[in-house]
Amino acid sequence: GYIIKLDGDTIQGFLKADSRCSIGGMGSSNQNTAEFYLHESDKKPVGKYKPDEIKGYKIADKIYESINYSGGLFKKPNFNLVVEDGAIRLYEWYATVENYSTLTKQSGESWKEFDQRRFETKLIVAKNPTEPIEFSMLGLSFAKKMPELISDNPEMTKKVENKEKGYTFINIYEVIDEYNKWSKTK
């Protein structure tokens with residue numbers, strides 16, 4: 001894996017996998033700590049980084065970036081899993097469900113199914129890491145909020161504002177994909 005320092009430098013190394021999210025917001029997890037080792041055989045990490053100390057990190061095939069989203073009312077930096085790369089990124093944020101500690105894996109239930117019951121997943125949309133928007137909130141006022149994200153593309157902005165066919169919340173993934181493809185060409 002690697003870490004991305006605040007100045008953009010990337011340092012190759014190894015990261016310790018932690019839990020998907022902290023239990024009830026307490027303890028360390030992939031969302032609030034990146035434990036970094038230079039060599040796989042190292043016994044002690046060369047650094048334990050918080051989301052305000054690095055831009056992000058990669059562990060195995062997963063990339064986490066520090067954005068101002070923590071699952072609640074207060075926006076503070078946390079590592080969120082990148083699920084769609086581009087000028088506008090999609091992230092996942094994990095939280096434990098209320099009765100997390102009392103849940104048990106059922107007979108015949110896969111670990112994936114069990115995790116779906118234990119963890120709540122929120123989809124986050126962000127063009128700027130300091131201004132993420134919860135996916136569900138974007139849906140409530142898509143024609144007002146989406147144009148802010150794509151304002152540098154006046155043609156698309158107008159289509160979204162006018163709620164043209166193919167440019168409404170139901171088409172959000174296509175709109176983001178079109179914008180991301182356009183942004184690569186400018």
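Here OG of Ser151 is found 10.5 Å from CE of Met146. Values are rounded to the nearest 0.5 Å. To the nearest 0.5 Å, atom CD1 of residue Ile67 and atom CD of residue Glu131 are 11.5 Å apart. Atom CG of residue Asp18 and atom OG1 of residue Thr33 lie 6.5 Å apart, to the nearest 0.5 angstrom. The CZ atom of Phe119 lies 10.0 Å from the CG atom of Leu103; values are rounded to the nearest 0.5 Å. With rounding to the nearest 0.5 angstrom, the CG atom of Leu6 is 7.5 Å from the NZ atom of Lys55. Here the CG atom belonging to Leu140 is positioned 11.5 Å from the CD1 atom belonging to Ile133, to the nearest 0.5 angstrom.
Residue Tyr49 is not grouped with residue Ile63 when hydrophobic side chains (ILVMFWY) are merged at heavy-atom distances under 4.5 angstrom, including chains of intermediate members. Val125 and Tyr173 fall within the same hydrophobic cluster, defined by Ile, Leu, Val, Met, Phe, Trp and Tyr side-chain heavy atoms under 4.5 Å apart, directly or through other members. Ile4 and Leu15 are members of different hydrophobic clusters when ILVMFWY side chains are connected at heavy-atom separations under 4.5 Å. Following chains of ILVMFWY side-chain contacts shorter than 4.5 Å, one can reach Ile59 starting from Val46, so the two form part of one hydrophobic cluster. The hydrophobic clustering, which links ILVMFWY residues whose side-chain heavy atoms are closer than 4.5 Å, places Tyr94 and Val97 apart.
Looking at Leu90 and Val82, their side chains never come closer than 4.5 Å, going by heavy atoms from C-beta outward. Proximity of Lys62 to Tyr64: side-chain heavy atoms (C-beta onward) are separated by under 4.5 Å at one or more points. Side-chain contact between Pro132 and Asn68 is present, with heavy atoms from C-beta onward closer than 4.5 Å. At a threshold of 4.5 Å between non-hydrogen side-chain atoms, the residues Pro45 and Tyr37 count as touching. Counting heavy atoms from C-beta outward, Glu174 and Asn171 have side chains that approach closer than 4.5 Å. In this structure, Leu123 and Glu92 have side chains that are in contact, with non-hydrogen atoms separated by less than 4.5 Å.
Between Lys58 and Asp61, the shortest heavy-atom distance links the atoms CE-CA, 4.2 Å. Here the closest heavy-atom approach between residue Ser66 and residue Pro77 is recorded as OG-CB, 3.6 Å. Here the closest heavy-atom approach between residue Pro51 and residue Asn32 is recorded as CD-O, 3.4 Å. When all heavy atoms of Leu38 and Phe36 are compared, the closest pair comes out as CD2-CE2, 3.8 Å. Minimum heavy-atom separation, Glu161 to Pro147: CG-CG, 3.6 Å.
More than 12 heavy atoms of other residues, nucleotides or ligands sit less than 6.0 Å from atom CD of Gln106. The 12-atom threshold is not exceeded at NZ of Lys44, counting heavy atoms of other residues, nucleotides or ligands nearer than 6.0 Å. Counting non-hydrogen atoms of other residues, nucleotides and ligands closer than 6.0 Å to CD of Glu155 gives a total of 12 or fewer.
Salt bridge present: Arg20 and Asp115 bring a charged side-chain N and a carboxylate O closer than 4.0 Å. With respect to Glu84 and Arg89, no salt bridge is recorded, no charged nitrogen being found less than 4.0 Å from a carboxylate O.
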For ring-ring contact (aromatic ring centres under 6.0 Å, His included), just list the numbers for Phe169 and Phe135, CA-CA rounded to whole Å, side-chain angles, deciding distance to a tenth of an Å, and then say yes or no. CA-CA 10 Å; Phe169 181 67; Phe135 188 82; 5.2 Å; yes
Report the C-alpha distance between Tyr57 and Phe79 in whole Å, list the side-chain angles of each, state the deciding distance to 0.1 Å, and finish with yes or no for ring-ring contact (aromatic ring centres under 6.0 Å, His included). CA-CA 9 Å; Tyr57 68 92; Phe79 297 119; 5.0 Å; yes
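For Glu109, the side-chain hydrogen bond (donor to acceptor under 3.5 Å, both in side chains) partners are Arg117, not counting sequence neighbours. Every residue was checked against the ring-ring contact (aromatic ring centres under 6.0 Å, His included) condition with Tyr91, not counting sequence neighbours, and none meets it. Tyr69 pairs by the ring-ring contact (aromatic ring centres under 6.0 Å, His included) definition with Trp93, not counting sequence neighbours. With sequence neighbours excluded, no residue forms a side-chain hydrogen bond (donor to acceptor under 3.5 Å, both in side chains) with Lys105. Taking Tyr2 as the reference, nothing meets the ring-ring contact (aromatic ring centres under 6.0 Å, His included) condition, with sequence neighbours excluded.
Between the side chain of Ser141 and the main chain of Lys144, no donor-acceptor pair closer than 3.5 Å is present. Counting only distance, with no hydrogens or angles, the side chain of Asn153 and the backbone of Ile150 share no donor-acceptor pair below 3.5 Å. Asn80 places a side-chain N or O within 3.5 Å of a backbone atom of Asn78 that can act as its donor or acceptor partner. Side-chain N or O atoms of Glu53 include one that pairs as donor or acceptor with a backbone N or O of Lys50 at under 3.5 Å. Although no hydrogens or angles enter the test, the distance criterion places no donor-acceptor pair under 3.5 Å between the side chain of Asp9 and the main chain of Lys5.
Screening residues 119-129 for side-chain hydrogen bond (donor to acceptor under 3.5 Å, both in side chains) gives Lys127-Asp152, Lys127-Tyr179, Asn128-Thr130 as the qualifying pairs, with residues at least two apart or on separate chains.
Checked by atom type, the side-chain pair Tyr167/Glu178 shows a donor-acceptor distance below 3.5 Å.
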